[in-house]
Asks: 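Handing you a structure now.
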Amino acid sequence: MTTTQSILTIFAVVWGTMVTRFLPFFIFPEGKKPPEYIIRLGKGLPYGVIGLLIIYCLKDAVFSSYHGLPEFIAIFFIFILHKWKRNTLLSIGIGTIFYMTLVQNFFV
């Protein structure tokens, strides 16, 4: 890739990122009420995305003998931790550490 191509690629990525970040604020300004379907999407889409991520993470798990067990233990642990603390960042961080500890030390 030449220098010109690299610069054009960077500008395209920056432009695309800025458009996707700023466009919702122009379409739905502070005083304007968004349409009902946007409100419904805002309420339901996060749950759908989390469900999709769980399915994606478990798609390659092998469910024979004890394989798949660390995944289910980690999911249960993260579920309990999140219900207890209600902190997404804590659930992601501690859940990742817990899963990696299980996989590297107990399910070798």
Side-chain angles (χ1 to χ4, degrees):
M1 194 182 258
T2 66
T3 304
T4 305
Q5 289 173 330
S6 296
I7 291 172
L8 288 174
T9 301
I10 290 170
F11 279 127
V13 169
V14 167
W15 182 80
T17 301
M18 289 177 65
V19 166
T20 58
R21 298 290 188 235
F22 298 142
L23 192 61
F25 295 102
F26 291 121
I27 295 174
F28 307 114
E30 181 98 21
K32 185 179 175 186
K33 186 177 187 291
E36 191 62 36
Y37 70 92
I38 297 294
I39 294 172
R40 270 188 280 133
L41 279 175
K43 289 180 181 177
L45 208 53
Y47 298 109
V49 169
I50 294 300
L52 185 66
L53 285 172
I54 290 171
I55 291 170
Y56 179 76
C57 289
L58 293 176
K59 73 177 177 54
D60 291 329
V62 179
F63 298 105
S64 61
S65 67
Y66 67 85
H67 296 289
L69 190 59
E71 287 86 356
F72 285 117
I73 293 171
I75 289 171
F76 182 72
F77 174 78
I78 293 167
F79 177 78
I80 298 299
L81 178 66
H82 189 71
K83 285 293 183 185
W84 176 40
K85 290 293 185 178
R86 298 267 183 208
N87 186 328
T88 305
L89 190 58
L90 183 72
S91 299
I92 292 170
I94 300 297
T96 302
I97 292 169
F98 181 74
Y99 174 72
M100 293 310 289
T101 303
L102 282 177
V103 170
Q104 293 178 4
N105 295 322
F106 300 106
F107 294 96
V108 181

Asks: Compare every heavy atom of Pro46 with every heavy atom of Gly42, then report the nearest pair and how far apart it is.
Replies: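 Nearest pair, atom of Gly42 first, then Pro46: O-CD, 3.5 Å.
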Asks: Indicate the atoms forming the closest heavy-atom contact of Met1 with Thr9, along with that distance.
Replies: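 That would be CE-OG1, 3.8 Å.
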Asks: With clusters defined by side-chain heavy atoms of hydrophobic residues (ILVMFWY) lying less than 4.5 Å apart, directly or transitively, does Trp84 cluster with Ile94?
Replies: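 Result: yes, single cluster for both.
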Asks: Can you list the residues that meet the ring-ring contact (aromatic ring centres under 6.0 Å, His included) rule with Phe107, with sequence neighbours excluded?
Replies: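 Expected list: Tyr66.
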Asks: Are Phe25 and Trp15 connected, step by step, through hydrophobic side chains (Ile, Leu, Val, Met, Phe, Trp, Tyr) whose heavy atoms are closer than 4.5 Å?
Replies: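 They do not share one cluster, since no chain of ILVMFWY contacts under 4.5 Å joins Phe25 to Trp15.
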Asks: Can you tell me how far CD1 of Ile80 sits from CD1 of Ile75, rounded to the nearest 0.5 angstrom?
Replies: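 It is 12.5 Å, given to the nearest 0.5 Å.
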Asks: Please give me the minimum heavy-atom distance between Thr101 and Ile97, naming the atom from each residue.
Replies: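 Closest pair (atom of Thr101, atom of Ile97, distance): OG1-O, 2.7 Å.
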Asks: Please report the closest heavy-atom contact between Leu81 and Leu90, naming both atoms and the distance.
Replies: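 Taking every non-hydrogen atom into account, CD2-O, 4.0 Å.
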Asks: Could you report the tightest heavy-atom contact between Val103 and Pro70, atom names first, then the distance?
Replies: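 Reported closest heavy-atom pair: CG2-CB, 4.2 Å.
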Asks: Can you tell if the side chain of Phe98 reaches within under 4.5 Å of the side chain of Ile73, non-hydrogen atoms only?
Replies: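 Yes; the side chains approach each other to less than 4.5 Å.
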Asks: Got a second to check how far His82's NE2 is from Phe77's CZ, nearest 0.5 Å?
Replies: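 Result: 13.5 Å between the selected atoms.
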Asks: Using a 6.0 Å cut-off, check whether atom CZ of Phe28 has over 12 heavy atoms from anything other than its own residue.
Replies: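 Yes.
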Asks: For Phe106, check ring-ring contact (aromatic ring centres under 6.0 Å, His included) against everything at least two apart and list the hits.
Replies: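 Per chain and number, Phe106 pairs via ring-ring contact (aromatic ring centres under 6.0 Å, His included) with no residue.
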Asks: Looking at OH of Tyr37 and CG of Leu41, how far apart are the two atoms once the value is rounded to the nearest 0.5 Å?
Replies: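 That separation rounds to 8.0 Å.
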Asks: Is there a continuous path of hydrophobic side-chain contacts, each under 4.5 Å between heavy atoms, that joins Ile50 to Phe72?
Replies: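 They do share one cluster, since a chain of ILVMFWY contacts under 4.5 Å joins Ile50 to Phe72.
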Asks: How long is the gap from CD on Gln5 to CD1 on Ile10, to the nearest 0.5 Å?
Replies: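 Going from CD on Gln5 over to CD1 on Ile10, the span is 12.0 Å.
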Asks: Taking CD1 in Ile27 as the centre, count heavy atoms belonging to other residues, nucleotides or ligands within less than 6.0 Å. Is the count above 12?
Replies: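 Atom CD1 in Ile27 is packed in, count exceeds 12.
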Asks: Going from CG on Leu8 to OG1 on Thr2, what distance comes out if it is rounded to the nearest 0.5 angstrom?
Replies: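 Result: 8.0 Å between the selected atoms.
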Asks: When you group the ILVMFWY residues by side-chain heavy-atom contacts below 4.5 Å and let the links chain together, are Phe26 and Met18 in the same group?
Replies: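 Yes, same cluster.
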Asks: Can you get from Ile38 to Leu23 by hopping between Ile, Leu, Val, Met, Phe, Trp and Tyr side chains that sit under 4.5 Å apart?
Replies: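 Per the 4.5 Å side-chain linkage, Ile38 and Leu23 are co-clustered.
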Asks: For a quick test of reading the model, state the closest non-hydrogen atom pair linking Ile92 to Thr96 and the distance between them.
Replies: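 Taking every non-hydrogen atom into account, O-OG1, 2.7 Å.
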